[in-house]
Amino acid sequence: QVQLVESGGGLVQPGGSLRLSCAASGSIFRINTMGWYRQAPGKERELVATTLSGGMTNYADSVKGRFTISRDNANKTVSLQMNSLKPEDTAVYYCNAHAMPFGGLRYVTAWGQGTQVTVSS
């Protein structure tokens, strides 16, 4: 019932920037947490950044000061501005949302299909 679609991935040189966007759709009553995770080849999926509906944000230490998460509550979207990109940032980035569907009794977790970010010279 809750669907997430990511966009904005691509190839960028070290030190460059990319902006990822994620749009939520479906029979959604309320979205609490939205955020971004990433998974590099051979590694487990890890948290990048999250934001609550009230505006509080949380960042992984590895991206703090370089990445900025923002949220458009009206359109149920979340974006990730990535600056000063490093090769270590190369991964598939996944959008995540913790949402209450219409008619639901609890929040459910939804995942997007992922968008590839490659940082290479």
Side-chain angles (χ1 to χ4, degrees):
Q1 298 297 319
V2 180
Q3 296 179 329
L4 304 175
V5 179
E6 305 102 333
S7 63
L11 174 65
V12 65
Q13 294 181 341
S17 299
L18 283 174
R19 185 176 179 87
L20 307 181
S21 296
C22 172
S25 63
S27 300
I28 302 171
F29 175 70
R30 175 181 291 183
I31 299 178
N32 185 12
T33 301
M34 296 191 75
W36 293 92
Y37 293 70
R38 67 186 181 187
Q39 187 168 19
K43 295 185 177 295
E44 296 182 352
R45 188 173 300 185
E46 64 177 353
L47 182 147
V48 178
T50 60
T51 181
L52 303 179
S53 61
M56 181 174 291
T57 59
N58 182 46
Y59 296 91
D61 289 341
S62 60
V63 307
K64 194 171 185 178
R66 300 187 297 118
F67 292 9
T68 302
I69 190 169
S70 60
R71 182 172 176 176
D72 183 340
N73 290 321
N75 295 320
K76 296 181 176 64
T77 61
V78 62
S79 298
L80 184 69
Q81 179 66 46
M82 304 184 294
N83 298 325
S84 302
L85 283 162
K86 305 175 181 179
E88 305 93 274
D89 297 318
T90 296
V92 177
Y93 284 70
Y94 296 91
C95 180
N96 170 268
H98 199 212
M100 174 73 77
F102 278 109
L105 299 177
R106 63 173 64 189
Y107 283 89
V108 299
T109 300
W111 293 93
Q113 292 297 316
T115 184
Q116 177 70 48
V117 172
T118 302
V119 184
S120 176
S121 60

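Numbering of residues begins at 1 and proceeds along the displayed sequence.
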(request) Tell me, with the steps shown, if R66 and Y59 meet side-chain contact (heavy atoms from CB on, under 4.5 Å). (result) CA-CA 10 Å; R66 300 187 297 118; Y59 296 91; over 6 Å; no

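- Nearest heavy atom pair, residue I28 against residue A99, reads CG2-CB, 4.1 Å.
- To the nearest 0.5 angstrom, D89 atom CG is 12.5 Å from S120 atom OG.
- Between the Q1 side chain and the S27 main chain, no donor and acceptor come within less than 3.5 Å of each other.
- A 4.5 Å side-chain heavy-atom check between R19 and S79 finds at least one atom pair inside the cut-off.
- Between atom CG of residue L47 and atom CG of residue N96 there is a gap of 8.5 Å, rounded to the nearest 0.5 Å.
- Distance check, rounded to the nearest 0.5 Å: OG1 of T51 to CH2 of W36 gives 13.0 Å.
- Taking the six-membered ring where tryptophan is involved, the planes of Y107 and H98 are tilted, since the angle between them lies from 30° to 60°.
- When all heavy atoms of A110 and L4 are compared, the closest pair comes out as O-CD1, 3.3 Å.
- Between F102 and F29, the ring-plane angle classifies as perpendicular under the 30° and 60° cut-offs.
- For T50 (side chain) and G35 (main-chain N/O), no donor-acceptor pair under 3.5 Å exists by modelled atom type.
- The side-chain heavy atoms of K76 and S25, taken from C-beta on, include no pair separated by under 4.5 Å.
- Residues Y94 and L20 form no side-chain contact, since every pair of their non-hydrogen atoms from C-beta on lies 4.5 Å or further apart.
- By the neighbour-count criterion of 12 heavy atoms within 6.0 Å, atom CZ of R30 is sparsely surrounded, having that number or fewer from other residues, nucleotides or ligands.
- Closest approach of S17 to N83, counting heavy atoms only: OG-OD1, 2.8 Å.
- In this structure, the separation between CD1 on I31 and CE on M100 is 12.0 Å, given to the nearest 0.5 Å.
- Considering only heavy atoms from C-beta on, V108 comes within 4.5 Å of P101 through its side chain.
- In the displayed structure, Q39 atom CD is contacted under 6.0 Å by more than 12 heavy atoms of other residues, nucleotides or ligands.
- Using a 4.5 Å heavy-atom cutoff, the side chains of M82 and V117 are in contact.
- Taking 4.5 Å as the limit, every side-chain heavy atom of I69 sits out of range of all side-chain heavy atoms of M34.
- In terms of hydrophobic clustering, with Ile, Leu, Val, Met, Phe, Trp and Tyr side chains grouped at heavy-atom distances under 4.5 Å, V2 and W111 are assigned to different clusters.
- Nearest approach of L80 to A49, heavy atoms of both residues: CD1-CB, 4.2 Å.
- At distances below 3.5 Å, not a single donor-acceptor pair connects side-chain atoms of Q113 with backbone N or O atoms of V5.
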(message) Using the rule given for side-chain contact (heavy atoms from CB on, under 4.5 Å), can you reason through C95 versus V78, listing the C-alpha separation, both sets of side-chain angles and the distance that settles it, and then say yes or no?
(response) CA-CA 8 Å; C95 180; V78 62; 3.8 Å; yes

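- Residues Y93 and V12 are members of one and the same hydrophobic cluster, defined by side-chain heavy-atom contacts under 4.5 angstrom among Ile, Leu, Val, Met, Phe, Trp and Tyr.
- More than 12 heavy-atom neighbours from other residues, nucleotides or ligands sit within 6.0 angstrom of CD on Q116.
- Taking each heavy atom of A91 and R38 in turn, the nearest pair found is CB-CB, 3.8 Å.
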